[in-house]
Amino acid sequence: MTHPGQLLKENSLYAGKELGQNFLSNPATARMIVEKTGITEDSHVLEIGSGLGALTSHIAKITRHVTAIEKDSRLVPLLKQELATEDLLHVNIMNMDVLKADIPQIVQGGNQDSKLVVIGNLPYNISSQILFKLVEESHCIEKAFLMFQKELAKRIIASPGGRDYSRLSAVVQYAADINFVTDIGPGSFFPKPAVDSTILRFDFFEKKAFNRQQEKVLFNVIKAAFSKRRKSLKNSMCGGEFDFKKDFVEAVLEKAKIDSKRRAETLTVEEFKNLARAVWENT
């Protein structure tokens, strides 16, 4: 693949800061990432943020079932050109915002019995939003290999009790088993970011404790609990966008056997599930 700096210069383009664009420029790094995913010729891969094809080309050399989503319309002709030079014409390129993508439809459109494998060098500015979306659609995703800013990756895998543990941590850990894959330094990107990046592997659980409606309650409970994270649960969960009343909050906390004076950051995923069950059964 052509170096992204050269491609952009030849076409009078630039990496858009507003889109969080830092393109993989080291072919060896791109190859290593794809190898670590363990995809096979039968895998149905959804790539998020395909950019100029650094990962796409390596993915497409392994499997013929590739859907690549790229929001920046400036890059799509260059991506098609780069793939064509390697005769990788089977990639389905979708020029759209991944946050608006119908992921279940992508699965159905691929005529595959298996679930998706999601791979992506995520735009830094919306990586949390993308991860929330993948959790919501995890019923049709087997696993994901995603690149984040190192600091955000630390928050995703953080354990309860520390300042890194957050709403994102609890939501994602409910839905998937998460493991560190590798760190990637700034030198593997163009332009070079000011921070290191980390790749995490997400193995989404086949069976989860809640159905889709109950999951929404769980996610609302977690969001409410972390809305005022410096306050106790009985105070942080009251009011807000979900309009939980004080008497109701105290009742469900008691039913879930959770001390109302605790803070959200101290609750395990299992405790959040117990609290969500109490909310579900009392509404």
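When reading the values below, keep in mind they use all heavy atoms of this one structure, side chains included, and skip hydrogens, waters and symmetry mates. Here, residue 1 is the first one in the sequence, and each next residue gets the next number.
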Looking only at atom types and distance, does a side-chain atom of [X] sit under 3.5 Å from a main-chain N or O of [Y], one as donor and one as acceptor?
X	Y	result
Gln173	Ala158	yes
Thr198	Asp183	no
Asn22	Ala194	no
His90	Val66	no
Gln149	Asn125	no
Ser227	Ser236	yes
Thr40	Asp42	yes
Arg201	Phe145	no
Ser127	Leu122	no

Report the distance from atom [atom1] of [X] to atom [atom2] of [Y], rounding to the nearest 0.5 Å.
X	Y	atom1	atom2	value
Ile156	Phe148	CD1	CZ	4.0 Å
Glu82	Leu88	CD	CG	10.5 Å
Thr283	Phe248	OG1	CZ	5.5 Å
Leu200	Lys154	CG	NZ	12.5 Å
Asn220	Met237	CG	CE	10.0 Å
Ser50	Met94	OG	CE	11.0 Å

State plainly whether one hydrophobic cluster holds both [X] and [Y], where clusters connect Ile, Leu, Val, Met, Phe, Trp and Tyr through side-chain heavy atoms under 4.5 angstrom apart.
X	Y	answer
Phe272	Phe219	yes
Leu267	Val217	yes
Val171	Leu275	yes
Phe202	Val181	no
Leu55	Leu116	no

Quiz item: Is Glu270 salt-bridged to Lys273, going by a charged N under 4.0 Å from an acidic O?
Solution: yes

Quiz prompt | salt bridge (Lys or Arg N to Asp or Glu O under 4.0 Å) between Glu70 and Lys80, worked out | solution = CA-CA 11 Å; Glu70 175 52 54; Lys80 290 180 177 179; over 6 Å; no

Exercise. Check the pair Ile184, Phe189 against side-chain contact (heavy atoms from CB on, under 4.5 Å), reporting the backbone distance first and the verdict last.
Key: CA-CA 9 Å; Ile184 307 293; Phe189 299 90; 3.5 Å; yes

Practice problem: With side-chain contact (heavy atoms from CB on, under 4.5 Å) as the test, would you mind laying out the steps for Leu168 and Leu152 before giving the verdict? | Solution: CA-CA 10 Å; Leu168 183 62; Leu152 180 57; 3.7 Å; yes

Between [Y] and [X], is there a side-chain heavy-atom distance shorter than 4.5 Å?
X	Y	result
Pro186	Asp196	yes
Ile106	Ile69	yes
Ile141	Lys115	no
Tyr124	Val195	yes
Pro104	His139	yes
Ile39	Ile59	yes

Please check if atom [atom1] in [X] has more than 12 non-hydrogen atoms from other residues, nucleotides or ligands closer than 6.0 Å.
X	atom1	result
Gln213	CD	no
Lys208	NZ	yes
Glu254	CD	no
Glu206	CD	no

Self-check item: Pair Glu47, Thr56: side-chain N/O donor-acceptor within cut-off below 3.5 Å
Solution: yes

Exercise. With Leu52 as reference, evaluate Leu13, Thr2, Leu8 under the side chain to side chain contact (heavy atoms under 4.5 Å, CB included) test and give the passing residue.
Key: Leu8

Self-check item: Partner of Lys71 by side chain to side chain contact (heavy atoms under 4.5 Å, CB included), out of Ile48, Leu99, Asp97
Solution: Asp97

Minimum heavy-atom separation for [X] to [Y], with atom names?
X	Y	value
Glu271	Thr266	OE1-O, 3.9 Å
Lys133	Ala101	NZ-O, 2.9 Å
Glu136	Arg212	O-NH2, 3.3 Å
Glu265	Tyr165	O-CD2, 3.2 Å
Lys143	Phe204	CA-CD1, 4.2 Å
Leu24	Ala54	O-CB, 3.5 Å

Practice problem: Sequence neighbours left out, what pairs pass salt bridge (charged side-chain N to carboxylate O under 4.0 Å, His left out) with at least one residue falling in residues 50-69? | Solution: Lys61-Glu86

Practice problem: Please determine if Arg167 forms a cation-pi arrangement with Phe132, meaning its NZ or CZ atom is less than 6.0 Å from the six-membered ring centre and no more than 45° off the ring axis. | Solution: yes

Quiz prompt | Within 45° cone of Phe210 ring axis and under 6.0 Å: Arg277 NZ or CZ | solution = no

Exercise. Determine, stepwise, if the pair Arg74 / Asp72 fulfils salt bridge (Lys or Arg N to Asp or Glu O under 4.0 Å).
Key: CA-CA 5 Å; Arg74 305 174 308 156; Asp72 191 347; 2.7 Å; yes

Quiz prompt | Working for side-chain contact (heavy atoms from CB on, under 4.5 Å), residues Cys140 and Ile103 | solution = CA-CA 8 Å; Cys140 57; Ile103 293 178; 3.7 Å; yes

